[in-house]
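Here the structure is laid out as structure tokens; the discussion comes afterwards.
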Amino acid sequence: SNFAIGGGKIIASEVENKEGIVTSNSFYENGNLYLNAHAHSLQITSIEELNDPNNIKTVSVLKGAIFDKIVEQQIPNAKRTYYDSYPDCQQAILTGKSNAYATDEPRAIYAAAKNPNLKVLSEKLMDDKYAYIFPKNNEGLTLRDEFNKFFQKITKEGKLSRIKDKWYGTGKDTLSIPTIEDINKKNKGRTLKYATASEGGEPFDFYDQNTKDYTGYEIDIFKLFCQESEKYRIQILDGKGMGPITDVTEGRADLSGDGISITPERAEKVYFSDPTYIGGGALVIRDFAHYDSRGFFEKIGDAFYSILI
């Protein structure tokens with residue numbers, strides 16, 4: 001008997017074994033080609049596809065994030081859904097509830113590096129620059145200028161490239177970044193209070209449960225700054241304040257680098273460092289190149305085999 005499924009066929013033939021029991025041999029013909037073609041048809045390749053009014057797509061955004069307005073402007077025909085965290089946005093894509101989610105390019109690259117079923121759409125939603133922020137007072141200006149000199153130095157020395165490679169490239173840690181505990185044991189000067197977000201800080205700044213230390217692209221740069229200063233100690237404000245920008249503007253923190261975009265409005269309230277990352281808004285999508293058809297058809301083959309027995 002032949003059973004047609006989606007352009008392929010389950011081919012089943014009866015065979016009599018040595019004990020005289022009639023069983024069936026089954027295999028699938030052309031199914032893999034069908035599924036690969038189907039997967040290819042599902043792959044998002046452009047913002048234009050997400051904006052198709054005749055084939056409505058869903059784009060997820062983090063609640064309260066600036067990307068809600070950006071998606072509304074750049075992809076007006078898409079349906080927007082809202083989630084409390086980036087892991088929830090990722091899960092929505094992997095379970096088929098959403099076609100894409102919008103975030104900062106560094107976070108997008110980091111997410112795709114951690115999960116082979118995700119990829120970053122090559123088109124950007126917008127261009128953007130990220131920087132550390134400092135209080136808009138004399139003390140903040142002095143610290144900002146000191147930090148900029150350090151940042152220019154590590155850029156020339158190639159240390160910044162190695163930190164970028166760790167978080168956005170190979171993932172290899174080729175630059176030994178000390179722990180906060182080690183820095184605080186060695187340095188005896190002023191304690192700098194660094195403000196972080198309550199959650200979703202990866203890959204800029206977050207608490208690593210394995211190392212029991214704060215880490216991330218901008219935390220690593222900050223640690224190196226304090227280490228090379230040979231004076232500054234570190235205190236992390238772990239998201240319990242009003243948010244990194246408010247913590248800095250209201251004097252609770254000395255600085256923050258939580259993936260903060262440089263804008264004219266913010267520049268009226270804080271001092272920005274030199275840009276630490278030049279990127280933009282990005283879209284994370286499902287990577288159907290990793291679509292695995294074997295398990296599905298093995299189960300179908302097994303099911304037909306059982307029925308025919």
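Just the heavy atoms: all of them, side chains too, but no hydrogens, waters or symmetry mates, feed the values below.
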(message) If we ignore hydrogens and angles and just use 3.5 Å, is the side chain of Ser98 paired with the main-chain N or O of Thr58 as donor and acceptor?
(response) yes
(request) First locate atom NZ of Lys136, then atom CG of Leu141, and finally report the distance between them rounded to the nearest 0.5 Å. (result) 10.0 Å
(message) Are more than 12 heavy atoms, taken from residues, nucleotides or ligands other than Lys172, located less than 6.0 Å from that residue's NZ atom?
(response) no
(message) Checking the side chain of Asp208 only, and the main-chain atoms of Asn210 only, is there a donor and an acceptor separated by less than 3.5 Å?
(response) yes
(request) Could you verify whether a donor N or O on one side chain and an acceptor N or O on the other, from Gln90 and Asn115, lie under 3.5 Å apart? (result) no
(request) Might you point out which heavy atoms bring Gly140 and Phe134 nearest each other, and give the distance in Å? (result) O-CB, 3.7 Å
(message) Salt bridge or not between Glu49 and Lys57? Use side-chain N to carboxylate O under 4.0 Å.
(response) no
(request) Any chance you could measure Lys63, atom NZ, to Tyr83, atom OH, to the nearest 0.5 Å? (result) 10.0 Å
(request) Check whether any side-chain N or O of Asn184 sits under 3.5 Å from a backbone N or O of Arg233 as a donor-acceptor pair, and report yes or no. (result) no
(message) side-chain contact (heavy atoms from CB on, under 4.5 Å) for Ile180 and Lys223? Distances and angles first, verdict last.
(response) CA-CA 7 Å; Ile180 291 175; Lys223 285 180 179 178; 3.8 Å; yes
(request) Would you please name every residue forming a side-chain hydrogen bond (donor to acceptor under 3.5 Å, both in side chains) with Asn99, sequence neighbours left out? (result) none
(request) Scan for ring pair (Phe, Tyr, Trp, His ring centres under 6.0 Å) pairs involving residues 212-238, sequence neighbours excluded, and state none if there are none. (result) Phe147-Phe225, Phe150-Phe225, Tyr168-Tyr217, Tyr194-Phe222, Tyr207-Tyr214, Phe225-Tyr232
(request) Any chance you could pull the hydrophobic cluster mates of Phe272, using side-chain heavy atoms under 4.5 angstrom and chaining through other members? (result) Ile133, Ile245, Val248, Ile260, Ile262, Val270
(request) Is it possible for you to say whether Val61 and Ile56 belong to one hydrophobic cluster, with membership spreading through side-chain heavy-atom contacts below 4.5 Å? (result) no
(request) Spell out, as yes or no, whether a donor-acceptor pair under 3.5 Å connects the side chain of Asp258 to the backbone of Ala195. (result) no
(request) Can you measure from CD1 (Ile47) to OG (Ser122) and round to the nearest 0.5 angstrom? (result) 8.5 Å
(request) Could you tell me which non-hydrogen atom of Leu125 sits nearest to which non-hydrogen atom of Ala102, and how far apart they are? (result) CD1-CB, 3.8 Å
(message) Looking at every non-hydrogen atom in both residues, tell me the closest pair between Ile44 and Leu121 and how far apart they are.
(response) O-CD1, 3.9 Å
(message) Please determine whether side-chain contact (heavy atoms from CB on, under 4.5 Å) holds for the pair Tyr86 and Tyr101, giving the CA-CA distance in whole Å, both sets of side-chain angles, and the decisive distance to 0.1 Å.
(response) CA-CA 9 Å; Tyr86 284 119; Tyr101 77 86; 3.7 Å; yes
(request) Heavy atoms only: give me the nearest Cys226-Leu192 pair and the separation to one decimal. (result) SG-CD1, 4.3 Å
(request) Answer whether the closest heavy-atom distance between the side chains of Arg144 and Leu255 falls below 4.5 Å. (result) no
(request) First locate atom OG1 of Thr103, then atom CD1 of Ile66, and finally report the distance between them rounded to the nearest 0.5 Å. (result) 12.0 Å
(request) Taking the side chain as every heavy atom from C-beta outward, state whether Ile163 and Leu224 have any pair of such atoms under 4.5 Å apart. (result) yes
(message) Any heavy-atom pair between the side chains of Tyr130 and Ser261 that's under 4.5 Å?
(response) yes
(request) Decide if atom CD of Glu48 counts as having more than 12 heavy atoms of other residues, nucleotides or ligands within a radius under 6.0 Å. (result) no
(request) Using a 4.5 Å cut-off on heavy atoms from C-beta on, say whether the side chain of Thr211 contacts that of Thr179. (result) no
(request) Output all residues satisfying side-chain hydrogen bond (donor to acceptor under 3.5 Å, both in side chains) with Tyr132, sequence neighbours left out; order by chain, then residue number. (result) none
(message) If the condition is salt bridge (charged side-chain N to carboxylate O under 4.0 Å, His left out), which residues does Glu228 pass it with, not counting sequence neighbours?
(response) Lys153, Lys159
(request) Drop me the distance from Asn137's CG to Tyr271's OH, to the nearest 0.5 angstrom. (result) 7.5 Å
(request) Hey, could you give me the OG1/CG distance between Thr155 and Leu160, rounded to the nearest 0.5 Å? (result) 4.5 Å
(request) Please name all residues satisfying salt bridge (charged side-chain N to carboxylate O under 4.0 Å, His left out) with Lys114, sequence neighbours left out, ordered by chain then number. (result) none
(request) Quickly, which of Asp220, Ile219, Ile236 forms a side chain to side chain contact (heavy atoms under 4.5 Å, CB included) with Asp205? Name it, please. (result) Ile219
Sequence neighbours left out, cut at 3.5 Å: what donor-acceptor pairs do the side chains of residues 70-82 make with other protein atoms?
from: Asn77; atom 1: ND2; to: Asn51; atom 2: O; distance (Å): 2.9
from: Asn77; atom 1: ND2; to: Asn51; atom 2: OD1; distance (Å): 3.4
from: Arg80; atom 1: NE; to: Asp68; atom 2: OD1; distance (Å): 2.7
from: Arg80; atom 1: NE; to: Tyr82; atom 2: OH; distance (Å): 3.2
from: Thr81; atom 1: OG1; to: Ser60; atom 2: OG; distance (Å): 2.8
from: Tyr82; atom 1: OH; to: Asp68; atom 2: OD1; distance (Å): 3.0

(message) Between Leu62 and Leu94, is there shared hydrophobic-cluster membership here, with clusters defined by ILVMFWY side-chain heavy atoms closer than 4.5 Å?
(response) yes
(message) The criterion is side-chain hydrogen bond (donor to acceptor under 3.5 Å, both in side chains); which residues satisfy it with Lys149, sequence neighbours excluded?
(response) none
(message) Set out, in order, the CA-CA distance, both residues' side-chain angles and the distance that settles side-chain contact (heavy atoms from CB on, under 4.5 Å) for Lys166 and Thr174, then state yes or no.
(response) CA-CA 8 Å; Lys166 173 184 175 181; Thr174 61; over 6 Å; no
(request) State, yes or no, whether a side-chain contact exists between Asp247 and Ser256 at a heavy-atom distance under 4.5 Å. (result) no
(message) Phe206: which residues meet the ring-ring contact (aromatic ring centres under 6.0 Å, His included) condition with it, sequence neighbours left out?
(response) Trp167
(request) Decide if atom CG of Asn138 counts as having more than 12 heavy atoms of other residues, nucleotides or ligands within a radius under 6.0 Å. (result) no
(request) Indicate the atoms forming the closest heavy-atom contact of Pro106 with Pro203, along with that distance. (result) O-CG, 3.6 Å
(request) Test side-chain contact (heavy atoms from CB on, under 4.5 Å) on Asp104 and Phe67 and set out the steps. (result) CA-CA 9 Å; Asp104 302 286; Phe67 291 103; 3.7 Å; yes
(request) Name all pairs fulfilling the salt bridge (charged side-chain N to carboxylate O under 4.0 Å, His left out) condition that reach into residues 184-197, sequence neighbours left out, sorted by first residue then second. (result) Glu139-Arg190, Glu181-Lys185, Arg190-Asp254
(request) List for me each residue that meets salt bridge (charged side-chain N to carboxylate O under 4.0 Å, His left out) alongside Glu230, sequence neighbours excluded, and say none if there are none. (result) none
(message) Tell me the closest heavy-atom pair linking Leu237 and Ala253, and the distance in Å.
(response) CD1-CB, 3.8 Å
(request) Using salt bridge (charged side-chain N to carboxylate O under 4.0 Å, His left out) as the criterion, list what pairs up with Lys119, not counting sequence neighbours. (result) none
(message) How about NZ on Lys129, more than 12 heavy atoms from neighbouring residues, nucleotides or ligands closer than 6.0 Å, or not?
(response) no
